[in-house]
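In the text below, chain A, chain B and the rest are named by the order of the sequence lines, each starting its count at 1.
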Amino acid sequence: MSAPLLNPPQRAAIHYLDGPLLVLAGAGSGKTRVITYKIAHLVREGGIPARHIAAITFTNKAAREMLERVGKLMTSAEIRGITVSTFHSLGMHILRQEAPHLGYKPQFSILDSYDAGKIIADILNTTSKDEIRKVQSQISLWKNDLKTPDDMLLAAQDQWESVCAQTYLAYQDTLTAYQAMDFDDLIRLPVQLFREHPEVLLKWQGKLRYLLIDEYQDTNTCQYQLVKLLTGVRGLFTAVGDDDQSIYAWRGANMENLRLLQQDFPALKVIKLEQNYRSTARILRAANSVISNNPKLFEKQLWSELGLGEPIHVVQCKDEEHEAETVVQRLLAHKFEFRTEFKDYAILYRGNYQARIFEQALRNQRIPYQMAGGQSFFDKPEIKDLLAYMRLIANPDDDPAFIRAITTPKRGVGAGTLEKLGAWSGQYGKSLFAAAHDAGLRVQIQAAQLAPLEQFCDFISQLQYRATREEAGKLALELLQAIGYEAWLYDGEDSPKIAETKWKNLLEMVAWLARKGSDDGKNLIELTQTIALITMLEGRDEGEVDAVRMSTLHASKGLEYPHVFLVGCEEGILPHSESVENGMVEEERRLMYVGITRAQRSLTLSYCVKRRRAGEWQFIEPSRFISEIDGDDLRHFGKPGAEPLVSKTEGKSRLANLTAMLAGKDKSGDPPQN
DNA sequence: AGCCGTGGCTTGGTG
DNA sequence: AGCCACGGCT
């Protein structure tokens with residue numbers, strides 16, 4: 001990424017303003033650079049003020065990074081009013097203003113997938129997480145494909161699809177009743193809005209005149225329609241993507257969108273970025289060679305000026321334990337030999353479950369490591385408790401929030417009362433909160449139960465009033481104190497230590513609300529409305545810690561590491577057996593391609609000869625993808641007739657000494673994160 | 001009968 | 001690490 005100047009295709013992509021443009025940006029070819037430079041170019045040379053430019057990404061992280069890099073190129077006056085956001089937050093932004101056109105209130109709630117799962121569990125009347133997950137993802141796929149419940153009730157091919165379609169219908173009705181949307185709705189509903197209300201579309205087309213779309217290959221049908229609607233006949237956009245890195249078809253991403261772009265915009269100009277600034281030629285040769293086995297819409301060959309580099313090491317291991325040990329030993333030996341740091345290494349794997357054994361091996365050698373991802377701050381139960389109150393204050397129709405709030409902590413409103421309330425609200429088509437005020441219901445409830453219910457509703461009403469007038473952080477803290485949450489935490493099942501952590505998290509949340517509230521001039525309600533889309537990941541100092549990175553292949557996309565170990569390169573794992581059965585090997589190959597192209601200087605592929613499965617030792621074939629790499633670029637270890645696992649320059653005993661020495665000397669082996 | 005610990009198994013995961 | 005199924009316990 002340290003190209004001093006722009007190369008010719010990059011420059012062409014930046015300067016082309018006359019019509020629709022697709023930039024096929026190979027791995028490590030400087031695509032973020034192109035997007036950010038293009039934004040600057042649009043403003044300075046293209047005469048398009050920043051307020052008419054929207055750069056759309058998939059993740060908050062990408063949006064943050066892009067804004068940061070744009071901020072380094074331009075003055076704050078130049079970038080004023082620019083939209084750099086995820087698809088979801090753009091959709092939300094539109095819907096907050098236009099919700100009434102769709103029969104929603106502007107203060108609708110946003111449910112995360114966990115909340116949505118609970119609704120689906122209720123409808124299905126099941127507790128099996130697996131079943132819920134399957135139905136939920138089917139509904140999500142349909143939504144992303146712009147299919148309505150009615151469409152699917154008609155089109156259902158079998159019993160299962162029919163159950164899903166019925167669940168979909170009931171689920172959508174429930175969401176409407178709650179004045180709530182799920183993540184998919186945030187993109188689906190703007191499309192519906194724009195189709196039904198051309199005048200509204202016109203307004204937004206006037207506002208967002210030039211679009212830049214990052215990771216275009218990951219768009220689903222719904223997202224593409226949104227782009228297409230917004231860009232209209234003018235077709236002023238730059239889509240940046242790489243068909244070879246499309247690894248999210250299972251989540252609804254539609255590679256067909258690349259072909260559609262050519263079809264829907266005949267004037268589409270296509271520019272390829274093929275110079276890679278990340279990896280050695282050897283690594284790119286391997287990547288090109290593997291991916292050449294996939295049918296291609298656009299031909300693309302990555303090349304680099306960073307020198308040939310070392311052959312790719314292929315390590316055969318006896319079993320998974322041996323693989324973990326071997327990888328860790330080779331990592332240590334390499335670190336010693338080349339005087340690198342732990343953070344220069346990554347271990348990449350197909351499935352999360354593979355991580356465990358490598359964690360163990362790393363811990364045994366006292367090697368610090370860091371796992372990708374992690375739980376979002378806002379997903380912690382104690383935070384969700386507070387959020388339930390905030391959601392209810394922002395949207396009194398949010399029934400799930402009502403239930404969670406009124407029962408956390410328990411305040412004398414029991415299941416019986418809630419049942420009566422639920423029945424009444426259902427009968428009169430009201431939310432729980434609204435129904436609670438009905439005189440007709442109240443006569444059915446005994447005074448002892450009515451008092452706490454009344455008290456709760458008054459409490460919420462009071463907060464609603466104060467939320468628009470008072471400072472968010474202060475109000476949230478008062479709320480927690482009023483409900484006695486801290487005492488409730490210590491009274492509960494948690495150990496005092498856990499209770500303390502949870503309370504500290506809440507105080508951090510309060511501080512966050514206070515800071516964000518005053519920075520952005522937002523009250524508690526406005527903050528609540530954006531929170532569902534924010535991910536505040538733990539391990540804030542990510543990137544600086546000297547620790548080996550561990551990640552799934554999926555989560556590694558977009559990242560790079562000097563030295564990569566790609567483990568479990570076996571038939572059944574990579575490609576995954578499920579994918580082989582479903583004829584999805586091409587996507588697995590792209591996954592392999594993504595893995596290979598993460599490496600800057602060295603790449604090691606490892607596989608096991610046998611694995612424990614169902615209590616039996618099962619023999620495994622190495623991944624077909626290894627044999628798709630030219631043998632001249634490979635160097636085998638651990639195979640009969642090939643080099644031994646421990647290279648000849650270092651006898652086994654010497655490596656053992658070395659390992660022990662490193663383990664003893666290197667006291668940086670702090671307890672690993674998480 | 002319900003509650004638990006244990007062991008086997010596991011595609012991937014952003015908003 | 002999580003989820004489920006199973007078996008042993010109260």
Heavy atoms, side chains only, cut-off 4.5 Å: are A:Thr167 and A:Gln172 in contact? no

Does the Lys NZ or Arg CZ of A:Arg549 fall within the cation-pi geometry relative to A:Phe342 - under 6.0 Å from the ring centre and within 45° of the axis? no

What do the steps show when you test A:Asp112 against A:Lys384 for salt bridge (Lys or Arg N to Asp or Glu O under 4.0 Å), and what is the final call? CA-CA 11 Å; A:Asp112 62 25; A:Lys384 292 193 82 173; 2.8 Å; yes

Less than 6.0 angstrom separating the ring centers of A:His88 and A:Phe58, yes or no? no

How far does the P atom of C:dC3 sit from the matching atom of B:dT14, given to the nearest Å? 16 Å

Closest approach of A:Leu553 to A:Ser556 (non-hydrogen atoms, all atoms of both residues): O-OG, 2.8 Å

What integer distance in Å separates A:Ile357:CD1 from B:dG8:C1'? 14 Å

Tell me, which of residues 117-132 of chain A have any heavy atom that sits under 4.0 Å from an atom in DNA chain B? none

cation_pi(A:Lys610, A:Trp617) dist<6.0 Å, angle<=45: yes

Just the atom pairs and distances: protein N or O near nucleotides 10-15 of chain B's N or O, under 3.5 Å.
residue	atom	partner	partner atom	Å
B:dT11	O4'	A:His576	NE2	3.0
B:dT11	O2	A:Arg350	NH1	2.7
B:dT11	O2	A:Arg350	NH2	2.1
B:dG12	OP1	A:Asn352	N	2.3
B:dG12	O4'	A:Arg350	NH2	3.4
B:dG12	O4'	A:His554	ND1	3.4
B:dG12	N2	A:Trp250	NE1	3.3
B:dG12	N3	A:Trp250	NE1	3.0
B:dG13	OP1	A:Thr552	OG1	2.5
B:dG13	OP2	A:Asn352	ND2	2.8
B:dG15	OP1	A:Asn60	N	2.7
B:dG15	OP2	A:Thr535	OG1	3.4
B:dG15	O6	A:Ser113	OG	3.4
B:dG15	N2	A:Asp184	OD1	3.4

Residues two or more places apart in sequence or in another chain: which of them pass side-chain contact (heavy atoms from CB on, under 4.5 Å) with A:Ala54? A:Thr83, A:Leu208, A:Leu211

Can you name the residues that form a ring-ring contact (aromatic ring centres under 6.0 Å, His included) with A:Tyr345, not counting sequence neighbours? A:His334, A:His563

Strictly under 3.5 Å: I want the nitrogen or oxygen pairs between protein and nucleotides 4-6 of chain B, one per line.
none

Residue set satisfying side-chain contact (heavy atoms from CB on, under 4.5 Å) with A:Thr176, at least two apart, ordered chain then number -> A:Tyr104

Run the side chain to side chain contact (heavy atoms under 4.5 Å, CB included) check on A:His101 and A:Val200 step by step: do they pass? CA-CA 9 Å; A:His101 291 291; A:Val200 180; 3.6 Å; yes

